[in-house]
Every structure is written in structure tokens, then in C-alpha cells.
Undergrad: 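Quick one: structure below, then a few questions.
Positions are given from 1 along the sequence. Scope of the values below: all heavy atoms of this structure, side chains included, with no hydrogens, waters or symmetry mates.
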Amino acid sequence: MVLQSKIYLNNAASGWPRADGVCESVNTYLNTPPFHPGRVSSSSQDPITECRRRLADLLEVNDPNRIILTQHATHALNLAIFGLGIRHHGHIVATVTEHNSVLRPIHHLKVRYPSLKITIIGLDASYALDEEAFTHALADSPTLVVLNHASNVTGRVNPVETLFAEAKKRGAITLLDAAQSLGNVPLSVKFCNADMIAFTGHKGLHGPPGTGGLYVDPKLDLEQIYVGGTGVRSDLMLHPPDMPMRLEAGTPNAPAFAGLAAALQWHQKHGATHAQTAMALRDRLRNGLKEVQGVTVFDADEHAQRTSVVSFRIQGWDVEELGFILAESFGIIGRSGLHCAPLIHQAIGSAPEGTVRLSASGFNTEDEIDFAIQSIRKLAS
């Protein structure tokens, strides 16, 4: 089998191609005189309002003003973690599955407030989160419990509904990192028990980079991390306290959010079928690679819910070299290394190099997956 074009299997990093209508919407906005309504305008011409409304519909949020628009999930997670005002004697519970967008903010807090306690939950023998250790950590009155919804290394989806329900009974605030799951896995604020949800627009939603958001429960008033212009209420010397202006400042990236609004419109019509196709391709890839001698596919639990991510290594190959050869010699675009999630590699046995990661989307085909398997088999032999 010979495929002439590049095969893009790096959707866990950034969804490509973009959803239908995204590029056109960005281009249209850039070629139209700028329109600057207030942050809470309901004008149909305003992509910010439309994007906020569509995100609220997707997450089943009753009030769109509880959706803060951000540059990306990292921005959203920083707003959430630093905005809670956790100081000395606080207690944060996280897991080895977390991305550096969680790990680094909480450890920066630890530097500022040395008496802050951080508990990191590991994995059990089946590579699921260690729920016994999680329950034990909750006994020590956590201020914040932050969970990765889906690992960007193994693709495994964590049971956040039950874990967050247990955390909330102990009085903890719950934060969900949905960067890998939104658009790939059904997600609703009504069922996930998250007080805050951070997400991005350029992965599972196949929207533009530079877009993301944070849902904040009505019971929470986060501290204002950055302040400035809002376009309305300019007479105030302090930043307005009303949501969503409370946590937004400066000129928004309206062209990108116009593109994200188009992606959300596309997702409403095609998202479920698209995700189903991606999961079928994931199974085809995982099963094919597991039959190749010398290949290790990480997190082999066949019953675990997961995204389209497949991480593997070939015995005797350096992962960075392997990723380079796949791209340069076979045209297969994936990603190699630690994937900005260093702790999980210690837990699954892929430290210190990490893994080669392939992640399909519904835009990929069975022929592309079969070609990837054949290419890896050739390298393994």
C-alpha cells in the first residue's frame, strides 16, 4: 500500500483539518469592518456572543455568561487555579495523568506558599487512577481537586463523575481539565460534578488555535487575575465584577472565535458521528499495533473508555528518532516524547523518553491507519 500525501495523526495536539466553515469564518471576519459590541451583547453579528452561547449549549450550561473565553486551556486552567486564592495551608489533590498546564501552576503556588500541600494520585495495577489513594487523600480536607478528564498520553478517560462527587462531599472545589475530551467525549455540567471546566477549541472541536474557555459555577467568584479594558463600564476605576467581564480583559481574538463558532455549529451536526469514526480507527490502530512483534502499546486495558490516542514504542528505537522517521520516510505525522505530561510516564513505564503518540480523528480513513500499521511493522522488523 502506498499513500501519496501526508497522514495527519496528531489530533491530540491540534485537530486537523479544521471543521467545515472555520477558515471561511475567520477570513470573513478579517475582511469585514470590526464590530465591537459589549461583552454581554446579544447581537447576532457578534462572534463572541455566538461562540459563548454555542459553548453553553454544548456543555448544557444554563447561563452563557458563566463561560469565560480564553486563549487556550492553559489560560483557562491558570485563571481557575490562581483565581481560587489558595494560600498557605491549602490542599490540592491532582493526579499523575495531569498535563503541565495543571502541574506547573500548582507547583508555582507551592513555591509562593511553602505550607501548601499537594497530593498526587497514582495509578493502580490496571493503569486506572488509584481510587483507594484518592479516597484517602480526601480525608485530609482538600481545598481543590483537579482531574484530567482524558490522558493525552494513553487516551484513558477518568471516571470524573464519581470521583468529583466524592470530592464535593468532602467540601472540595472541583476543576476538570477537558482539553483532550471536549468534542471527543460527551460532557455536561449537569452530570460531571465539576465546579469549573477548562477546555480548548483547537483539538476535539477542530476549531482555530488561540481559542479556549472556562466554565465557572455560579457559586464561585474567582479572583481577578488580570484586568483592563472591557469596552463597557469604562467609568469604573476597578475592573467590572460582573461575569463574564469579571475574568475577561482586553480585545478578544474575535476572528478566531468566529472560527470556533463555525466549528461548534459543525460539531452540533456532525460531532457524534465524527467521534464514533475516530474511535473505530483507534481500535483498528491499537489492535493492529498489538500484533506487531517488538511493539508495546501502553495501557492495554481493552475495557477502558478512551479517546483516539494510541501511545507506543518499538523495542530498540529511540522515540524521537522513531517519530522523525515516521514523518520523513513515511509521511505519518504524530508526536514523540513526554507530551507535556511527565508524571504519567513514570506510572506506565515509558520514562524517561516517553512514547510515540498517534491520534486519529473522524477525518482519517481506514487506509491511512492500515498504512501506519504497515509502516510501523516495517520499522519493527
Side-chain angles (χ1 to χ4, degrees), residues 9-13 93-104 106-107 118-134 136-137 146-160 163 176-181 184-185 203 278-279 282-323 326 334-360 372-373 376 379-380:
L9 292 173
N10 195 23
N11 289 279
V93 175
T95 78
V96 295
T97 70
E98 308 307 327
H99 190 275
N100 275 335
S101 296
V102 167
L103 295 176
R104 286 176 174 169
I106 65 177
H107 281 91
I118 297 174
T119 300
I120 302 295
I121 306 300
L123 305 181
D124 63 20
S126 70
Y127 297 106
L129 283 182
D130 188 337
E131 295 194 24
E132 183 177 347
F134 182 81
H136 180 74
V146 53
L147 292 180
N148 179 285
H149 196 189
S151 169
N152 72 328
V153 175
T154 67
R156 186 184 282 238
V157 177
N158 289 321
V160 296
L163 296 176
L176 182 66
D177 176 3
Q180 289 292 321
S181 58
N184 295 317
V185 177
K203 298 181 188 287
M279 300 312 129
R282 170 209 63 200
D283 292 341
R284 191 180 188 91
L285 179 60
R286 283 180 63 87
N287 293 335
L289 291 184
K290 286 169 64 177
E291 295 177 356
V292 179
Q293 186 174 0
V295 170
T296 299
V297 177
F298 288 92
D299 191 355
D301 189 332
E302 296 300 322
H303 304 292
Q305 182 186 8
R306 63 180 77 248
T307 63
S308 70
V309 167
V310 179
S311 266
F312 69 96
R313 285 168 62 169
I314 299 179
Q315 184 178 358
W317 278 87
D318 174 85
V319 296
E320 296 290 350
E321 183 181 7
L322 176 56
L326 282 172
R335 186 168 180 177
S336 304
L338 298 177
H339 315 299
C340 299
L343 299 186
I344 192 171
H345 293 282
Q346 300 171 23
I348 65 176
S350 56
E353 287 187 37
T355 66
V356 175
R357 182 187 72 191
L358 301 180
S359 46
I373 295 169
I376 293 164
L379 293 173

Undergrad: Measure the OG1-CE distance between Thr307 and Met279 for me, rounded to the nearest 0.5 Å.
TA: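 CE of Met279 is found 6.0 Å from OG1 of Thr307.
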Undergrad: Picking from Asp299, Leu285, Asp283, what satisfies side-chain contact (heavy atoms from CB on, under 4.5 Å) with Val310?
TA: Leu285
Undergrad: Kindly indicate whether the side chain of Glu98, heavy atoms from C-beta on, has any atom under 4.5 Å from the side chain of Ile106.
TA: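 Glu98 vs Ile106: side chains apart.
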Undergrad: Are Arg306 and Arg286 close enough that some pair of their side-chain heavy atoms sits under 4.5 Å apart?
TA: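 Sidechains of Arg286 and Arg306: in contact.
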Undergrad: For side-chain contact (heavy atoms from CB on, under 4.5 Å), just list the numbers for Val96 and Gln346, CA-CA rounded to whole Å, side-chain angles, deciding distance to a tenth of an Å, and then say yes or no.
TA: CA-CA 9 Å; Val96 295; Gln346 300 171 23; over 6 Å; no
Undergrad: Write down the atom of Val356, the atom of Gly323, and the distance for their closest heavy-atom approach.
TA: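 Shortest heavy-atom contact: CG2-N, 4.3 Å.
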Undergrad: Taking His303's backbone N and O only, do any of them form a donor-acceptor pair with Asp301's side chain (distance below 3.5 Å, no angle check)?
TA: yes
Undergrad: Looking only at heavy atoms, what is the nearest atom pair of Ala304 and Arg156, with distance?
TA: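 So the two residues come closest at CB-CZ, 3.7 Å.
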Undergrad: Please answer whether the main-chain N or O of Asp177 pairs with a side-chain N or O of Asn148 as donor and acceptor at a distance below 3.5 Å.
TA: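 Pair absent, no side-chain N/O of Asn148 close to backbone of Asp177.
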Undergrad: Treating Thr119 as the side-chain partner and Val93 as the backbone partner, does any N or O pair qualify as donor plus acceptor under 3.5 Å?
TA: no
Undergrad: Stepwise, does the side-chain contact (heavy atoms from CB on, under 4.5 Å) test hold for Leu147 with Asn158?
TA: CA-CA 8 Å; Leu147 292 180; Asn158 289 321; 5.6 Å; no
Undergrad: Could you give the distance from CD (Gln315) to OG1 (Thr296), rounded to the nearest 0.5 Å?
TA: 7.5 Å
Undergrad: Decide yes or no on side-chain contact (heavy atoms from CB on, under 4.5 Å) for Leu322 and Phe312, but give the supporting numbers first.
TA: CA-CA 11 Å; Leu322 176 56; Phe312 69 96; 4.0 Å; yes
Undergrad: Rounded at 0.5 Å granularity, tell me how far CG in Asn184 sits from NE2 in His149.
TA: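 If I round to the nearest 0.5 Å, the distance is 10.5 Å.
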Undergrad: Let me know which of Arg313, His345, His339 forms a side chain to side chain donor-acceptor pair (under 3.5 Å) with Thr355.
TA: His339
Undergrad: Looking only at heavy atoms, which two atoms of Val297 and Lys290 are closest? And how far apart?
TA: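 Smallest heavy-atom distance, with atoms named: CG2-CG, 3.8 Å.
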Undergrad: To the nearest 0.5 Å, what is the distance between CG (Leu289) and CD1 (Ile376)?
TA: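 Rounded to the nearest 0.5 Å, the CG-CD1 separation comes to 4.5 Å.
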Undergrad: Measure across Leu338 and Val153 and return the closest heavy-atom pair with its distance rounded to 0.1 Å.
TA: O-CG2, 4.3 Å
Undergrad: Looking at side-chain heavy atoms only, is the closest gap between Val185 and Gln305 below 4.5 Å?
TA: yes
Undergrad: Given 3.5 Å as the limit, does a donor-acceptor pair link the side chain of Ser359 with the main chain of Asn11, or not?
TA: yes
Undergrad: Closest approach of Ala150 and Gln180, non-hydrogen atoms and distance?
TA: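 The answer is O-CB, 3.4 Å.
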Undergrad: Should Tyr127 and Ile348 count as side-chain neighbours, where that means a heavy-atom distance under 4.5 Å?
TA: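 Tyr127 reaches Ile348 side chain to side chain.
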Undergrad: Report yes if some heavy atom in the side chain of Val309 is under 4.5 Å from a heavy atom in the side chain of Arg357; otherwise report no.
TA: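 Yes, at least one pair of side-chain atoms sits under 4.5 Å.
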Undergrad: Answer yes or no: is there a side-chain heavy-atom contact under 4.5 Å between Leu123 and Leu129?
TA: yes
Undergrad: Please round to the nearest 0.5 Å and tell me the distance separating atom CZ of Arg104 and atom SG of Cys340.
TA: 7.0 Å
Undergrad: Indicate yes or no: at least one non-hydrogen side-chain atom of Ser336 is less than 4.5 angstrom from one of Leu326.
TA: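 The answer is no; the side chains never approach within 4.5 Å.
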Undergrad: Please give me the minimum heavy-atom distance between Glu320 and Asp318, naming the atom from each residue.
TA: N-OD2, 3.0 Å
Undergrad: Could you check whether atom CZ of Phe134 has more than 12 heavy atoms from other residues, nucleotides or ligands sitting under 6.0 Å from it?
TA: yes
Undergrad: Report the distance from atom CG of Leu343 to atom CG of Asn100, rounding to the nearest 0.5 Å.
TA: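 So the gap between those two atoms works out to 8.0 Å.
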